[in-house]
Amino acid sequence: MPELPEVETIRRGLEREVVGKRIKSVEVSGLRSIRRHKTKKDFISRLEGAKVKTARRRGKYVILALDTGELLVLHMGMSGQLRRAQAKDPTEKHTHVVFTFTQGGQLRFLDPRTFGELFVTVPDALTAEVPELAELGFDPVDQPLAITVFAQRLLGRPDTKLKPLLMDQTFIAGIGNIYSDEILWESGLRGDRTPRSLSNMEIRRLFRAIVEILHEAVKHRGSTLSDQQYVDLVGRPGDYQQFHNVYDRGGQACRRCRATIIREKSQGRSTFSCPSCQV
DNA sequence: ACGCCCGCCTGTAAGC
DNA sequence: TGCTTACAGGCGGGCG
């Protein structure tokens, strides 16, 4: 579910709600959510008593640094949610992990489809044990890149289609199915164009669109679609869906040229685009 | 290196 | 009212 803007919104919530608090107890009911750990006990014992020092983000991963020197890494997958709660609040369905803090209050991880996960690791192991994190590409919000470097890296993948390339987490970290479509529309580029085929001006437009779309989406606290699956720590939905120009707008008029937005499948994912102003 | 397909899960909506 | 199918913000792996 969540892409960079949603995860960044979650991270900011954690900074407000969780950083500085000490974990009193951890309850795990969904073993699949902590599947990298051999035992539940291993996960729990490395967290209980630890204080959360910082909340960082790399692409779609949230990384909480603990005062034990270890890191709690979270990935939401398609349907993961983190919610602030009180101990007396009823347990919602699909609640897999509950953190209770010494200062009171809880953080709960909910995840119907169970593609999300949490694990504790030491910083050095991030490269050895977690290659997918070590190999993440640049984060367009957290680590802005000079356009010259971007252009160079883009041309290092001359024949990959732009849509899969934008979604390749080892190339750029944080972009998924919604924001790749929005970025391509903003750039006026088709998702099946290749870096080799781009003019310098088109590369500039693409670069600017990546930065602008993601910053705007963060500003509006991400996108919440009709299923209401994505909400922040306090249950508040995002606003950015109202600014979508193509995603989930199949059959509707393009806001730039009035042509009809089309929906098609690419790599098994729905892709939305304007057949007239994306070239 | 790249494109395509599958599997991993559950819930929901649409179609018959 | 069922039952079946398709599809959903992610990712990794396997195959040609």
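Note: hydrogens, waters and symmetry copies are ignored here, and every other heavy atom, side chains too, is used. Lettering of chains follows the sequences in order, A, B, ..., and the numbering in each one begins at 1.
Between A:Glu132 and A:Arg36 a salt bridge is recorded (basic side-chain N to carboxylate O distance below 4.0 Å). Ionic pairing of A:Asp239 and A:Lys219 is not present here: no N-O contact between side-chain nitrogen and carboxylate oxygen is shorter than 4.0 angstrom.
Not one side-chain nitrogen or oxygen of A:Lys161 sits closer than 4.0 Å to the OP1 or OP2 atom of B:dA1. Residue A:Lys60 places at least one side-chain N or O under 4.0 Å from the OP1 or OP2 atom of C:dC11. Between A:His94 and B:dG11 there is a side-chain polar atom (N or O) within less than 4.0 angstrom of OP1 or OP2.
One interatomic measurement links the two molecules: CZ of A:Arg58 to P of C:dC11, which rounds to 14 Å at whole-angstrom precision. Counting to the nearest Å, the P atom of C:dG9 and the CD atom of A:Gln241 are 15 Å from each other. Distance CD1 (A:Ile172) to P (C:dC11): 13 Å, rounded to an integer number of Å. The distance from atom CD of A:Gln267 to atom C1' of C:dG16 is 17 Å, rounded to the nearest whole Å. Summarising the geometry, the separation between CD on A:Gln229 and P on B:dT12 is reported as 9 Å, rounded to the nearest angstrom. Rounded to an integer number of Å, the gap from CZ of A:Phe115 to C1' of B:dC6 is 12 Å. The CZ-C1' distance, from A:Arg263 to C:dC7, rounds to 8 Å in whole Å. To the nearest angstrom, C1' of C:dG9 lies 6 Å from CD of A:Glu6.
The CG atom of A:Leu206 sits 5.5 Å away from atom CG of A:Leu166, with the distance rounded to the nearest 0.5 Å.
Comparing B:dC9 with C:dG13, their P atoms are spaced 16 Å from each other, to the whole Å. Here, C:dA6 and B:dC5 have their P atoms 15 Å apart, quoted to the whole Å. Here the separation of C:dG9 from B:dG3, taken at their C1' atoms, is 22 Å to the nearest Å. Atom name P, nucleotides B:dC8 and C:dC3: the rounded distance is 25 Å, in whole Å.
With a 3.5 Å ceiling on both atom-pair distances, the Watson-Crick or G-U wobble partner of B:dC5 is C:dG13.
Residues A:Lys93 and A:Thr160 both approach DNA chain B. Their nearest nucleotides, taken by heavy-atom distance, put A:Thr160 toward the 5′ side. When the nearest nucleotides of DNA chain C are assigned to A:Arg113 and A:Gln169 by heavy-atom distance, the more 5′-ward of the two goes with A:Arg113.
No donor-acceptor contact under 3.5 Å links the side chain of A:Asp192 to the base of B:dG3. On a pure distance criterion of 3.5 Å, no polar donor-acceptor pair joins the side chain of A:Arg157 and the base of B:dA1.
Backbone-only engagement by A:Ser270 is indicated by non-hydrogen atom pairs under 4.0 Å involving sugar-phosphate atoms exclusively. Across all strands, A:Tyr179 comes closer than 4.0 Å to no nucleic acid atom at all (heavy-atom distances). A:Asp111 comes within contact range of no nucleotide atom at all, as no heavy-atom separation falls under 4.0 Å. Contacts of A:Lys163 with the nucleic acid, taken as non-hydrogen atoms under 4.0 Å apart, are absent.
Using bins of under 30°, 30° to 60° and over 60° for the plane-to-plane angle, the ring pair A:Tyr247/A:His244 lands in the perpendicular bin. Ring geometry for A:Tyr240 versus A:His220: interplanar angle of 30 to 60°, hence tilted.
For the salt bridge (Lys or Arg N to Asp or Glu O under 4.0 Å) test with A:Asp139, the passing option among A:Lys60, A:Arg56, A:Arg57 is A:Arg57; the others fail.
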